[in-house]
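Naming: A, B, ... by sequence-line order, numbering from 1 per chain.
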Amino acid sequence: MRARAGSGTVAAIPEGHTIHRIAKDHTKLLVGRPVAVSSPQGRFQPSAALVDGVVLDRIEPYGKHLFYSWANGHVGHVHLGLFGRFRVHLGPEPPEPIGMVRMRMSTDAATVDLSGPTACEILTKAERNVIVARLGPDPLRRDAKPSVVVERVQRSKQPIGAILLDQRVISGLGNVYRAEALFLNGIHPRRPGNELHAAEVEALWSTSVAMLRRGVKDNRIITVHHLEDDRPGRTRLTKRGTATYVYHRDRCVRCGTAVETADLGGRPCYFCPVCQPA
DNA sequence: ATACCATGAACAG
DNA sequence: TGTTCCTGGTATC
């Protein structure tokens with residue numbers, strides 16, 4: 001099942017690019033007007049009433065988090081986790097909810113249904129700030145300072161493969177982008193952070209910025225553009241429309257070596273033992 | 001009908 | 001480190 005442009009269905013599990021893309025798309029549909037907020041499934045019910053009918057001022061993405069600034073001062077917080085997804089229905093008529101819809105936001109332009117989130121709650125601005133304060137720089141934000149990432153990586157003895165999933169160090173990367181960022185820079189995922197050169201961490205940052213920006217544009221993860229030696233069309237897309245060098249590959253797309261995995265940060269980190277020597 | 005799997009993260013101990 | 005929660009598509013009986 002493929003997400004169609006404009007109809008807003010996001011089937012893939014989200015990393016930071018998904019969150020920024022959602023913020024962008026949903027801003028056009030919801031921001032600047034009163035929004036009917038409800039919880040067909042019920043779990044968000046008492047909180048929904050706090051913002052039901054209130055004007056939505058802004059949707060702000062930060063790493064894998066979404067913050068909703070409501071005109072009455074409340075701040076909505078959504079984190080999709082592994083299973084969360086939005087469905088968008090264009091038009092003034094809210095249709096029957098599909099599946100378990102935790103939160104529904106409707107305007108006369110569209111209805112946005114949220115299911116399966118790890119977090120869906122109403123916060124104060126102070127609580128929002130606490131969440132943001134514990135996040136590392138987000139490569140998709142203009143206010144991000146990569147020097148913070150360099151410092152935090154070099155202070156850690158953890159393997160870089162685990163560090164890149166730590167949202168306190170850098171926010172927005174998930175299991176796909178960490179593998180691809182390490183691959184593109186020829187870095188073995190088990191190398192300890194404190195043994196990386198500053199230039200290497202800066203390169204990981206630049207790669208992340210480029211990949212995530214491209215991911216927002218494509219609304220999916222296609223990393224194989226990022227090497228000059230990759231001829232266009234050489235690499236076939238998966239059923240989901242994604243394409244990676246090592247993530248979930250049997251063989252390295254560049255050199256054909258069997259891809260290995262290392263359990264890092266509680267999930268398998270795919271890498272090419274030839275392109276990413278220890 | 002049931003099992004299993006997935007690109008996340010909080011929490012307990 | 002292990003456990004738990006969130007959902008739904010696909011595979012397997």
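- At the heavy-atom level, A:Arg43 lies under 4.0 Å from the strands shown only through sugar-phosphate atoms.
- Applying the under-4.5 Å side-chain rule to Ile, Leu, Val, Met, Phe, Trp and Tyr, the cluster around A:Phe67 extends to A:Tyr62, A:Val75, A:Leu123, A:Ile131, A:Val132, A:Leu135.
- By the salt bridge (charged side-chain N to carboxylate O under 4.0 Å, His left out) test, A:Asp113 is found to be paired with A:Arg104, residues two or more places apart in sequence or in another chain being considered.
- A:Leu80 comes within contact range of no nucleotide atom at all, as no heavy-atom separation falls under 4.0 Å.
- Between A:Arg85 and C:dG9, a side-chain N or O to OP1/OP2 separation shorter than 4.0 Å is present.
- A salt bridge links A:Glu60 with A:Arg141: the closest approach of a Lys/Arg side-chain nitrogen to an acidic carboxylate oxygen falls below 4.0 angstrom.
- In this structure, A:Arg267 reaches the bases: a heavy-atom distance under 4.0 Å links it to at least one base atom across the strands shown.
- Contacts between chain A and DNA chain B, taken as any atom within less than 4.0 angstrom of a protein heavy atom, begin and end at B:dA6 to B:dA10.
- Residue contacts for A:His79: at a heavy-atom cut-off of 4.0 Å it reaches the sugar-phosphate backbone alone, with no base atom in range.
- Residue pairs meeting the salt bridge (Lys or Arg N to Asp or Glu O under 4.0 Å) criterion with at least one partner in residues 176-196 of chain A, sequence neighbours excluded, are A:Arg191-A:Glu200.
- Applying the ring pair (Phe, Tyr, Trp, His ring centres under 6.0 Å) rule to pairs touching residues 149-182 of chain A yields A:His17-A:Tyr177, sequence neighbours excluded.
- Look at CG on A:Leu264: it is 11 Å from P on C:dT1, rounded to the nearest Å.
- Taking Ile, Leu, Val, Met, Phe, Trp and Tyr as members and joining any whose side-chain heavy atoms lie under 4.5 Å apart, directly or through other members, A:Val101 forms no hydrophobic cluster with any other residue.
- Side-chain nitrogen and oxygen atoms of A:Gln41 include at least one within less than 4.0 Å of the OP1 or OP2 phosphate oxygen of C:dT7.
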